[in-house]
Amino acid sequence: MSKKINLIATVAFGIESVVKDEIKKLGYEVTEVENGKIRYSGPLEAIPRSNLWLRCADRVLLEIGRFKAETFDELFEKTKALPWENWIPVDGEFPAAKITSVKSTLFSKSDGQRIVKKAVVERLRSKYQVDWFDENGGKYPIHIQILKDEVTLSIDTSGSGLNKRGYRQYGNEAPLKETISAALVYLSRWRPDRVFLDPLCGSGTIVIEAALIGKNIAPGLKRDFVSETWDAIPPELWEQARQEARDAINDKEFLLLGSDCDANALKQARTNAELAGVSDLVAFQKLPVQSVSTKKKYGVIITNPPYGERIGEEKEIQRLYRDMGKVFHSLDSWSYFIITGYEKFEKYFGEVATKNRKLYNGDIKTYYYQYYGPLPPRKRNPVDEAQNMNAETEINTQAKK
């Protein structure tokens, strides 16, 4: 097996640049950026480190091969020619788990899966000199991507999607994926020394992801990955990667704020924060967005308001966005970032965004409206982070009166 391996980070459309930066920060070479995927290379330990650290990617795939195929015979022969035995042992379970075909001659997904599976079986049969595979060992899910007749075959190293951090036992009616939430925080200019507020926090995902970023807690530290059972990856590489992640957690102190008018959602948010291990870094309170006010300066708001997708909700959503505009505009030194699928947001919010990025939360097309306020002035002395710890008391708590 070569010293370097080729990996693919799959990503939601619109945040490719964020994941590219994450991969570079890990020290790996990005070789190609496409819609929905980042190709990169690195040593074997890139598999555990990527799975533990990539906050905004959906999955990490191990690329086995790429080739052109316009017939199923070509697909079979070129799949069979790849070195599957380098990764899949004789007892491995290797389903053709997922296939996509876009603008390709080979449009039948079921046939594509069947032929790839058959080709891998034939390859392993000739290498292991066996007639039957029980497939009762580790899992090696094969992914098949066909775009304009170019086939990419890979093995999923993640298992469950990387958005499954292990903390969100509860979600509200329209949950924002953890990976997207982390990307929103990265795209803002928030730092742990600035006040942070999500005034429509729901079950708290954005606030929790910001806390994990602020403390430099690896998002995959509390979960397992399918490739942890692979024979080709020594267990010590996983332990080294996990120890590196544990050692990287910083000792910064800060408090992030979330508010909402839904008491049940806030209860879920507190539970999720506790499961994520950041309950001491976040505070949630019941408060309608219309009542939010603060004397703090240079804060950051990141929020995911309702989109008004159900019939009859549009006027209610428009009223909410008008109210948000009034409240946010009163915070003249703050920066605010709003993700919504409602295309007329700026009209009712009352301000054109500094930047507007289109991205997808699952199958939902959304827009990330970014309003940049002034950066806080530089201080000669270290930032007094204790000021941030008292920020919660500065939020107007009319709902408690």
Side-chain angles (χ1 to χ4, degrees), residues 11-16 18 36 56 58 161 163 168 170-188 190 196-210 257-269 272 284 286-292 300-329 331 334-372:
V11 304
F13 289 108
I15 60 170
E16 291 87 353
V18 179
C56 305
D58 291 333
N163 64 298
R168 193 159 75 175
Y170 304 96
N172 56 354
E173 290 184 3
L176 193 67
K177 289 177 70 173
E178 294 89 335
T179 45
I180 298 295
S181 297
L184 303 186
V185 178
Y186 276 141
L187 289 168
S188 77
W190 178 76
F196 182 101
L197 171 66
D198 180 353
L200 295 147
C201 69
S203 56
T205 305
I206 294 176
V207 179
I208 293 169
E209 288 297 319
L257 310 172
S259 59
D260 203 285
C261 60
D262 186 338
N264 289 328
L266 293 172
K267 183 178 179 180
Q268 294 168 1
N272 291 341
F284 298 101
K286 185 177 180 182
L287 187 73
V289 67
Q290 294 85 350
S291 299
V292 169
V300 172
I301 289 175
I302 305 178
T303 195
N304 173 38
Y307 303 167
E309 294 182 302
R310 289 196 289 261
I311 296 174
E313 286 186 335
E314 188 164 7
K315 289 189 179 299
E316 185 180 337
I317 293 302
Q318 292 169 359
R319 188 181 309 113
L320 171 64
Y321 291 165
R322 287 194 186 97
D323 291 343
M324 287 170 56
K326 293 176 183 177
V327 171
F328 293 5
H329 296 156
L331 307 173
W334 282 53
S335 298
Y336 29 93
F337 306 84
I338 303 100
I339 182 172
T340 175
Y342 191 68
E343 297 191 6
K344 298 178 182 178
F345 169 80
E346 289 170 309
K347 173 183 177 181
Y348 294 98
F349 186 70
E351 183 181 359
V352 176
T354 310
K355 290 183 179 180
N356 179 10
R357 178 185 291 249
K358 181 170 69 174
L359 52 86
Y360 282 81
N361 177 34
D363 295 330
I364 302 174
K365 181 173 70 172
T366 64
Y367 299 88
Y368 190 38
Y369 297 95
Q370 303 164 68
Y371 298 85
Y372 288 96

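Numbers for residues simply follow the sequence, beginning at 1. Keep in mind the model is a prediction, meaning the values are calculated, not measured.
For residues 344-366, the pairs satisfying salt bridge (charged side-chain N to carboxylate O under 4.0 Å, His left out) are Glu343-Lys365, with sequence neighbours left out. Identified under the salt bridge (charged side-chain N to carboxylate O under 4.0 Å, His left out) test for residues 176-185, with sequence neighbours left out: Asp58-Lys177, Arg168-Glu178.
What you find for Ser181 and Glu209 is that their closest heavy atoms are CB-CG, 3.9 Å. Across all non-hydrogen atoms, the minimal contact from Cys56 to Ile15 is O-CD1, 3.5 Å. Considering every non-hydrogen atom in both Leu320 and Pro306, the closest pair reads CD2-CD, 3.6 Å. Nearest heavy atoms, Pro305 versus Leu200: CB-CD1, 3.7 Å. A pairwise comparison of heavy atoms in Ser259 and Leu197 identifies OG-CD1, 4.1 Å as the closest pair. Here the closest heavy-atom approach between residue Ile302 and residue Ser188 is recorded as CD1-OG, 3.5 Å.
Using a 3.5 Å distance cut-off with no hydrogens or angles, the side chains of Tyr307 and Glu313 do not pair a donor with an acceptor.
Considering CD1 of Ile317 and NZ of Lys315, their distance stands at 13.0 Å, rounded to 0.5 Å. One distance of note links CG of Leu176 with OG1 of Thr205; it measures 7.0 Å at 0.5 Å rounding. To the nearest 0.5 Å, atoms CD1 (Ile206) and CG (Leu184) are separated by 5.5 Å. Distance OG1/Thr366 to CD1/Ile180: 7.0 Å, rounded to 0.5 Å. Atom CZ in Phe328 sits 8.5 Å away from atom OH in Tyr336 (nearest 0.5 Å). With rounding to the nearest 0.5 angstrom, the CG atom of Asp262 is 7.5 Å from the CD atom of Gln268.
Aromatic ring centres of Tyr369 and Phe349: separated by at least 6.0 Å.
Residues that satisfy the ring pair (Phe, Tyr, Trp, His ring centres under 6.0 Å) test with Tyr367, not counting sequence neighbours, are absent from this structure. Take Thr340 and apply the side chain to side chain donor-acceptor pair (under 3.5 Å) test, not counting sequence neighbours, and it matches Tyr321. The ring pair (Phe, Tyr, Trp, His ring centres under 6.0 Å) test applied to Tyr360 returns no partner, not counting sequence neighbours. Applying the ring pair (Phe, Tyr, Trp, His ring centres under 6.0 Å) criterion to Tyr372, with sequence neighbours excluded, gives Phe337.
Considering only heavy atoms from C-beta on, Val11 stays 4.5 Å or farther from Val18 through its side chain. Residues Phe284 and Asp260 fail the side-chain proximity criterion, which asks for heavy atoms closer than 4.5 Å. With a 4.5 Å cut-off on side-chain heavy atoms, Tyr348 and Met324 do not count as touching. Cys201 has its side chain within reach of Leu266: a pair of non-hydrogen atoms, C-beta onward, lies under 4.5 Å apart.
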**OP:** Mind running side-chain contact (heavy atoms from CB on, under 4.5 Å) on Thr303 and Val289 for me, showing each step along the way?
**Re:** CA-CA 11 Å; Thr303 195; Val289 67; over 6 Å; no
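A donor-acceptor pair under 3.5 Å is absent between the side-chain atoms of Asn163 and the main chain of Thr179, judged by distance alone.
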